[in-house]
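As structure tokens, the structure follows; a few thoughts come after it.
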Amino acid sequence: MTTTAELLNTAAEQFPDEVVTEAHVRHLDLPDGAGRFALITLDNGFDHTKPTTFGPRSLARLDAALDQVEKEAADGEVTGVGITGKPFIFAVGADLKGVEVLREREHAKLIGEGGHAVFSRLGKLAVPTFAYYNGAAMGGGVEVGLHCSYRTVSKAVPAFSLPEVFLGLIPGWGGCTLLPNLVGPERAVSVIIENSLNQNKQLKGAQVYELGIADVLFEGADFLEESLRWTASVLNGKTDVVRPELDRGDAWDEAVRRGREIADSKVHGAAPAAYRALDIIDAARNGDLRQGFEAEDTALADLIMTGELRAGLYSFNLVQRRAKRPVGAPDKSLARPVNKVGVVGAGLMASQLALLFARRLEVPVVLTDIDQERVDKGVAYCHEEIDKLLLKGRVNQDKANRLKALVTGTLDKAAGFSDADFVIEAVFEEMGLKQKVFAEVEAVVPAEAILATNTSSLSVTEMASRLQHPERVVGFHFFNPVAILPLLEIVRGEQTDDASLATAFSVAKTLKKTAVLVKDAPAFVVNRVLTRFLGEVLRSIDEGTPVEVADRALAPLGLPMSPIVLLELVGPAVAHHVAGTLHAAFPNRFGVSENLGRVVEAGKRNLYTYDSGAPELDPEVAALFETGSTVLTEEQVRDRALDAIAQEIRLMLDEGVVAEAQDVDLCLITGAGWPFHLGGITPYLDREGVSERVTGEKFLENGVASVPA
């Protein structure tokens with residue numbers, strides 16, 4: 001029979017670059033005569049901002065520590081065993097860098113078996129075991145604590161989650177089996193499925209306690225000391241931890257059913273991880289831990305070898321690494337300070353921008369517009385949103401007062417912008433109007449002030465062409481809603497200089513946005529891709545395909561919304577305008593739907609009605625449509641759309657719109673909410689053979705978002 005040490009040694013051969021986490025054992029005497037206690041501390045030796053992870057060698061270190069405390073427990077030398085992390089970080093799970101290089105299913109299964117072999121020892125010791133969640137805990141970091149008898153959590157914990165389903169895995173070191181048996185299936189589904197698929201939503205320490213994952217909640221300042229006092233009271237019998245009885249019948253069925261509804265609404269069956277996790281949660285009602293752990297091992301082995309998981313890890317790396325080091329950004333030392341911001345326009349988009357600049361930069365922000373009513377409305381919007389933050393406890397009263405004082409409005413650009421360092425326009429998408437606005441602004445701002453445009457499709461170069469200093473104009477394209485979507489497309493015009501660009505990237509970082517450098521090309525990245533694919537769907541409708549058939553065509557991809565719902569979100573008028581811009585630039589590839597034009601002319605903002613509870617084509621919209629007789633199947637519509645996306649991305653890369661395919665994917669993930677399991681889009685196009693069929697080659701090298709050959 002293979003020992004745990006042998007298992008981990010074999011697994012370690014597949015993880016050559018693991019950052020090893022040590023497991024240090026120290027002994028202390030508990031208060032109130034509760035005896036001698038063994039405390040294991042996880043620490044990877046890095047500074048306290050670096051996460052602690054588990055790879056095979058790290059698991060081996062923990063296994064060795066457990067050898068020591070197991071003997072001490074058996075000999076009566078300790079009355080209990082605890083596990084905690086270095087300051088501010090408990091542990092954040094498996095070493096994903098090692099997982100993504102695995103080539104064989106048997107090696108993938110070793111990872112699951114190794115984690116179970118080590119973690120489950122905590123539940124088998126001769127003395128009670130305690131997990132002290134002192135900081136961020138994710139994935140395996142959460143699961144190691146679930147194997148313990150008791151858990152405490154700090155109020156200061158900023159992030160606690162089981163994010164595996166978000167990436168394309170399952171909580172496979174006990175999470176799917178232990179959590180529902182601890183807190184019940186309803187809460188387990190919320191943590192494992194709902195939170196994970198809700199853009200990897202994190203729990204705070206107090207929420208961990210409220211859910212029943214932890215038995216007690218302590219302040220961060222003296223968390224470990226209080227946890228040890230509580231531990232002593234448990235060991236002395238002074239504190240009795242009572243957990244509720246679980247309904248293992250109808251309530252369990254209902255929780256699993258709800259989980260499947262959530263998975264269907266988020267991934268539409270396009271990614272298997274959520275469904276595998278739900279199967280294990282469903283089976284966990286029998287309380288058979290061994291059976292559950294074996295099912296987790298099998299699911300991990302299967303999922304690690306899928307394209308969805310590799311695409312998920314690729315997406316994770318894009319968001320966590322590439323996003324923090326924008327490709328092509330100038331030396332940050334060239335950036336100029338920004339101590340005041342001007343916003344031209346006071347509509348909804350402009351007001352959202354003003355609020356964001358005030359909150360993140362904490363500098364004065366001045367809005368202007370064509371009349372006082374609009375200006376007042378924009379300022380009022382910002383003040384009302386700040387009041388909402390106050391009510392939610394996101395800011396205190398002093399901070400709310402300061403932020404509201406920062407946002408003001410004026411009709412006089414000269415008075416408002418004379419000392420502004422950064423002015424952004426968010427007026428109607430019409431070139432002549434934007435050129436006029438920039439000319440007015442240039443006349444009153446300081447010589448080195450940056451002029452930014454939030455244009456979604458127009459040429460930044462043309463916009464700057466009539467200015468005396470076009471070198472200080474930069475595209476600064478946000479996505480709606482501004483506070484939620486992370487992407488910021490930073491567009492370099494033909495004459496934009498490095499100092500202006502560096503300032504733009506510096507501001508983006510302070511705004512906590514994911515900045516991607518984009519060439520000045522029609523519609524840049526996200527809108528160009530979305531317009532091309534949406535154009536193919538609309539073309540199929542115009543030719544005669546029923547709206548509901550065309551709208552379902554992309555469902556197998558698991559996109560965040562269907563094409564028609566996306567069209568409604570963007571707004572038919574905006575979508576029609578962008579399509580017109582791209583048609584003018586690339587008439588052979590981008591069409592303009594006459595039916596959509598009729599919808600816009602009629603002033604309709606929605607194509608669907610929801611009176612029946614389900615989306616149905618609005619009869620008034622249907623009456624506007626003039627269609628042909630060519631009826632396509634869902635598969636044919638989907639093939640058209642995917643072929644068009646592949647062609648457009650290849651052309652964008654050939655044109656140098658962005659540096660690499662990775663930037664296209666990063667833009668789609670952070671600007672359009674496209675799912676991790678697609679890897680944005682290019683890994684999916686490669687995996688499905690679309691890339692080679694359309695362009696003759698794959699977008700990514702072997703192993704980048706796929707199982708290495």
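Just so it is clear, the values below take in all heavy atoms, side chains as well, and ignore hydrogens, waters and symmetry mates.
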Compare every heavy atom of [Y] with every heavy atom of [X], then report the nearest pair and how far apart it is.
| X | Y | answer |
| --- | --- | --- |
| Pro560 | Gly673 | CG-O, 3.3 Å |
| Trp252 | Ile281 | NE1-O, 2.9 Å |
| Ala34 | Leu235 | O-CD1, 4.3 Å |
| Ser58 | Val19 | OG-O, 3.7 Å |
| Ala108 | Leu102 | CA-CD1, 3.9 Å |
| Ala277 | Ile192 | CB-CG2, 4.2 Å |

Distance in Å, [X] [atom1] paired with [Y] [atom2], rounded so as to fall on 0.5 Å steps:
| X | Y | atom1 | atom2 | answer |
| --- | --- | --- | --- | --- |
| Leu224 | Ser154 | CG | OG | 10.5 Å |
| Lys509 | Lys512 | NZ | NZ | 12.0 Å |
| Ile669 | Ile681 | CD1 | CD1 | 10.0 Å |
| Leu162 | Glu143 | CG | CD | 5.5 Å |
| Gln202 | Ser196 | CD | OG | 9.5 Å |
| Thr306 | Arg276 | OG1 | CZ | 9.5 Å |

When you measure from the side chain of [X] to the backbone N and O of [Y], does any donor-acceptor pair fall under 3.5 Å?
| X | Y | answer |
| --- | --- | --- |
| Glu308 | Pro272 | no |
| Trp173 | Ile111 | yes |
| Arg61 | Thr21 | no |
| Glu296 | Thr177 | yes |
| Arg310 | Gly307 | no |
| Tyr684 | Gly679 | no |
| Asn44 | Pro51 | yes |
| Glu294 | Gln291 | no |
| His677 | Leu557 | yes |
| Ser149 | Thr129 | yes |

How about [X] and [Y]: do any of their side-chain heavy atoms sit closer than 4.5 Å?
| X | Y | answer |
| --- | --- | --- |
| Ile170 | Leu300 | yes |
| Thr52 | Phe90 | no |
| Val216 | Thr239 | no |
| Leu66 | Val118 | yes |
| Asn195 | Ser161 | no |
| Asn317 | Glu100 | yes |
| Thr84 | Leu39 | yes |
| Glu72 | Val69 | yes |

Q) When the ring planes of Tyr150 and Phe130 are compared, do they come out parallel, tilted or perpendicular, using 30° and 60° as the limits? A)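 Correct class here is parallel.
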Q) Any idea how Tyr133 and Phe160 line up, ring-wise: parallel (<30°), tilted (30 to 60°), or perpendicular (>60°)? A)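 Plane angle over 60°, so perpendicular.
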(Q) Assess, by modelled atom type and distance only, whether the side chains of Arg258 and Ser190 contain a donor and an acceptor separated by less than 3.5 Å. (A)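 Judged by distance alone, the side chains do pair up.
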Q: Could you verify whether a donor N or O on one side chain and an acceptor N or O on the other, from Arg243 and Asn181, lie under 3.5 Å apart?
A: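 On atom types as modelled, these side chains do not qualify, holding no pair under 3.5 Å.
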Q: Evaluate side chain to side chain contact (heavy atoms under 4.5 Å, CB included) for Val516 paired with Thr670, printing each intermediate quantity in order.
A: CA-CA 10 Å; Val516 176; Thr670 58; 5.7 Å; no
(Q) Please evaluate residues Val165 and Phe676 with respect to the criterion side chain to side chain contact (heavy atoms under 4.5 Å, CB included), reporting the C-alpha separation (whole Å), side-chain torsions for both, the decisive distance (0.1 Å), and the verdict. (A) CA-CA 10 Å; Val165 168; Phe676 267 40; over 6 Å; no
Q: Flag yes if more than 12 heavy atoms outside Arg394 fall under 6.0 Å of its CZ atom; otherwise flag no.
A: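 For Arg394, atom CZ is not crowded (no more than 12 foreign heavy atoms under 6.0 Å).
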Q) Does Tyr209 OH have over 12 foreign heavy atoms under 6.0 Å away? A)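 Counting neighbours around OH of Tyr209, 12 or fewer heavy atoms of other residues, nucleotides or ligands fall under 6.0 Å, so no.
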Q: For Glu261, check salt bridge (Lys or Arg N to Asp or Glu O under 4.0 Å) against everything at least two apart and list the hits.
A: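 Partners of Glu261 under the salt bridge (Lys or Arg N to Asp or Glu O under 4.0 Å) test: Arg257.
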Q. Who passes salt bridge (Lys or Arg N to Asp or Glu O under 4.0 Å) against Asp67, sequence neighbours left out?
A.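 In terms of salt bridge (Lys or Arg N to Asp or Glu O under 4.0 Å), with neighbours along the sequence ignored, Asp67 is linked to Arg121.
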Q | Ring center gap for Phe119 and Phe54 short of 6.0 angstrom | A |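 So the answer is yes for these two rings.
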Q: For the pair Ser691 and Asp686, evaluate side-chain hydrogen bond (donor to acceptor under 3.5 Å, both in side chains) and give the outcome as yes or no after the intermediate values.
A: CA-CA 5 Å; Ser691 308; Asp686 285 353; 2.6 Å; yes
Enumerate, atom names and distances included, each donor-acceptor pair closer than 3.5 Å involving a side-chain atom of residues 698-709, sequence neighbours excluded.
{"residue": "Asn702", "atom": "OD1", "partner": "Ala709", "partner atom": "N", "Å": "3.4"}
{"residue": "Ser706", "atom": "OG", "partner": "Gly703", "partner atom": "N", "Å": "3.0"}

Could you tell me whether [X] and [Y] have a side-chain N and a carboxylate O separated by less than 4.0 Å?
| X | Y | answer |
| --- | --- | --- |
| Glu660 | Arg322 | yes |
| Asp247 | Arg285 | no |
| Glu106 | Lys109 | no |

Q: Any chance you could lay out the side chain to side chain contact (heavy atoms under 4.5 Å, CB included) test for Leu569 and Met561, step after step, and finish with the verdict?
A: CA-CA 10 Å; Leu569 177 66; Met561 61 191 72; 3.7 Å; yes
Q. Does the side chain to side chain contact (heavy atoms under 4.5 Å, CB included) test come out yes or no for Leu217 and Val208, once each step is laid out?
A. CA-CA 9 Å; Leu217 176 72; Val208 175; over 6 Å; no
